[in-house]
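In what follows, chains are A, B, ... by sequence order, proteins preceding strands, each numbered from 1.
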There are 2 protein chains.
Amino acid sequence: MKDERYERILNESGRIFQTYGIRNVSMDDICTTLGISKKTLYQYVNNKADLIFKILEAHHEVYRQFIQDQLDQGGNAIDIMLAVDSFVCSEMKNYTPDNIFVLKKYYPEVYQAIFEMKRTSILEGITANLNAGIRDGLYRKDLDVDLVARMFVKNLEEIHQLEMSSSDNSYEKIFGTMYDHHIRAIVTPDGLEYYEKKKQRQ
Amino acid sequence: MKDERYERILNESGRIFQTYGIRNVSMDDICTTLGISKKTLYQYVNNKADLIFKILEAHHEVYRQFIQDQLDQGGNAIDIMLAVDSFVCSEMKNYTPDNIFVLKKYYPEVYQAIFEMKRTSILEGITANLNAGIRDGLYRKDLDVDLVARMFVKNLEEIHQLEMSSSDNSYEKIFGTMYDHHIRAIVTPDGLEYYEKKKQRQ
DNA sequence: ACAATGGAAACACTTTTCGTTTCTGTTGTT
DNA sequence: AACAACAGAAACGAAAAGTGTTTCCATTGT
C-alpha cells in the first residue's frame, strides 16, 4: 500500500494545502490536481482528516529520521544540537498561524495526535543528547535530565504559541537564543570552551 | 461614518484575515475579536464581501497616496521609480496564493474591482513618471508612453501570477530585475549615467 | 466477451457560515 | 422612576460549500 501513488498523494496534497490553505482546498480540488477520482483517493485515505494526519505524520517522520540519524552517528552532543537547531526551526515554520488555527478548530484530534507525536520525539531526542553529553564530559553530571528535557520542550511550545508568520525571521533569532541558553546552562567548562569555539567558527 | 470604530474594524479585520486566512475567519470571529456584536458590524458593512472590499480598498489607498506623494514632490523621475520599487514589492507580498485563490473563487467581483483599481493607479503613475522623465531629459523622447506603460503593467501582472509565497525573497529579485530592465530600456545616456551612479550608491 | 479498474460526475447528506432578528442589559434624558 | 436609544450575546432560518458515497461509462487486460 505504500506505493508511488500514495507517496504522490501525500506530497502533492501537502504542497497545495500549504500553498492555498487546508480549508480552501477541497477533496475535489485535490483529485483534480492529482488527476485521480475521489473513489481512488478514498482507497488511500478514510477522509479529509485522515489525509491531513497522514501528510503531517509523513512530514514528521522525515524530521524524526533526521534526528535519529544524528543520534546514531554518535557524534559530539553539542554538534548534534547545533545540527538540529536550524532543521527544527524550519520544520516549525510550516506551522503558520492559519494552519494551526484550522487544525485546532476543525481537526482537533489530528492536532492533538501530531503535536503529541512531536513532543514525544523531542523529549526522547533531548534526553538522549543530555545523557550522551554527560557521558562525554560536555554536560554537567549534576543535571536533572528529566527536568531539563521537559523544560526544553516547554520552551519550544511557548515559542510555538507566539504565532509568528513564516516570513518573520524572528523565529530564527528567538529559536537560536533558546538553543544558546539551553546549551550554556548545561555545559561543563570543557563543553563551554568547545561550544564557544564552535560558535566563533560560524 | 468614517469614525474611529470604522477604522478599527477595517484594520483589525484586515489583520486577522491576513493572519488566519479570509475563509477561516468568520464574521462571528471578527465580532468576538473586536468586542462588538454582528448587528453593530453590519451597520458599517453590507456583508463579508463588502468588508473585504473595504479593507483592500483602504489598503490600496495608502499605497496610492504614497505614489501620489512621490509624484507631487516633483523629484527626479528615476529617484521616484527607485523609491516606489520596494514599496510596491512589499504591497504585492500581501497577496499570497491562498488569498488570491479565495478572492478569485468566492469573491470574484471584489477581486476584479481591486485589481482594476490597482491597475489603473499603476498605469497612471507610470505614465506620469514617463512624461516627467522625458521632459527632464532622463528618458528618451521617442518613447511610446502609452505602450511602455502598458507593458510595465503587463509585466507586473505576470510576476503576480507566479504564485510565490510571501516568505520567498525571489519576489525582490524578480521585481528588482523588472524595474532595472524597465529603467535601462527607457533612459537617455544622461539618465543612464544618473541611474548607474545611484545604483552604485546602494 | 467478460472482469477489473479508474475517472467523471451525480447524489444525499452534513457542516459551517451568513445575514437577520430577538432578547436583554446599560446608559442617558426627562 | 419611566422611557428611549443603543449595543452585545445569542438564537434563528437560509444558503452555500464541501463531504463521502454511488453510479455510469470508458478503457485495459485476460
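The side chain to side chain donor-acceptor pair (under 3.5 Å) test applied to B:Arg135 returns no partner, not counting sequence neighbours.
Using bins of under 30°, 30° to 60° and over 60° for the plane-to-plane angle, the ring pair B:Phe152/B:Tyr179 lands in the perpendicular bin. Note on ring orientation: taking the six-membered ring where Trp is involved, the planes of B:Tyr95 and B:Phe115 are perpendicular (angle over 60°, cut-offs 30° and 60°).
No side-chain N or O of B:Asp180 forms a donor-acceptor pair with one of B:Thr177 less than 3.5 Å apart.
At least one cation-pi condition fails for B:Arg5 and B:Tyr44: the charged atom is not both under 6.0 angstrom from the six-membered ring centre and inside a 45 degree cone around its axis.
A salt bridge between B:Glu196 and B:Arg184 is present, with a side-chain N of the basic residue lying under 4.0 Å from a carboxylate O of the acidic one. In summary, A:Glu158 and A:Lys154 do not engage in a salt bridge, as defined by a charged side-chain N under 4.0 Å from a carboxylate O.
DNA chain D is contacted by both B:Thr40 and B:Tyr106; B:Thr40 maps to the nucleotide lying nearer its 5′ end (nearest heavy atom per residue). Each of B:Arg5 and B:Arg23 has a nearest nucleotide on DNA chain D; the 5'-most of these lies closest to B:Arg5.
Along DNA chain C, the stretch of nucleotides lying under 4.0 Å from any heavy atom of chain A spans, 5' to 3', C:dG6 to C:dT17. Think of the region where chain B sits on DNA chain D: with heavy atoms and a 4.0 Å cut, that region ends 5' and 3' at D:dA7 to D:dG18.
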_Checking B:Lys54 against B:Glu57 for the salt bridge (Lys or Arg N to Asp or Glu O under 4.0 Å) test, could you report, in this order, the C-alpha distance in whole Å, the side-chain angles of both residues, the deciding distance, and whether it holds?_
CA-CA 5 Å; B:Lys54 284 179 159 71; B:Glu57 187 186 41; over 6 Å; no
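Counting non-hydrogen atoms under 4.0 angstrom, B:Lys38 reaches a base of the nucleic acid.
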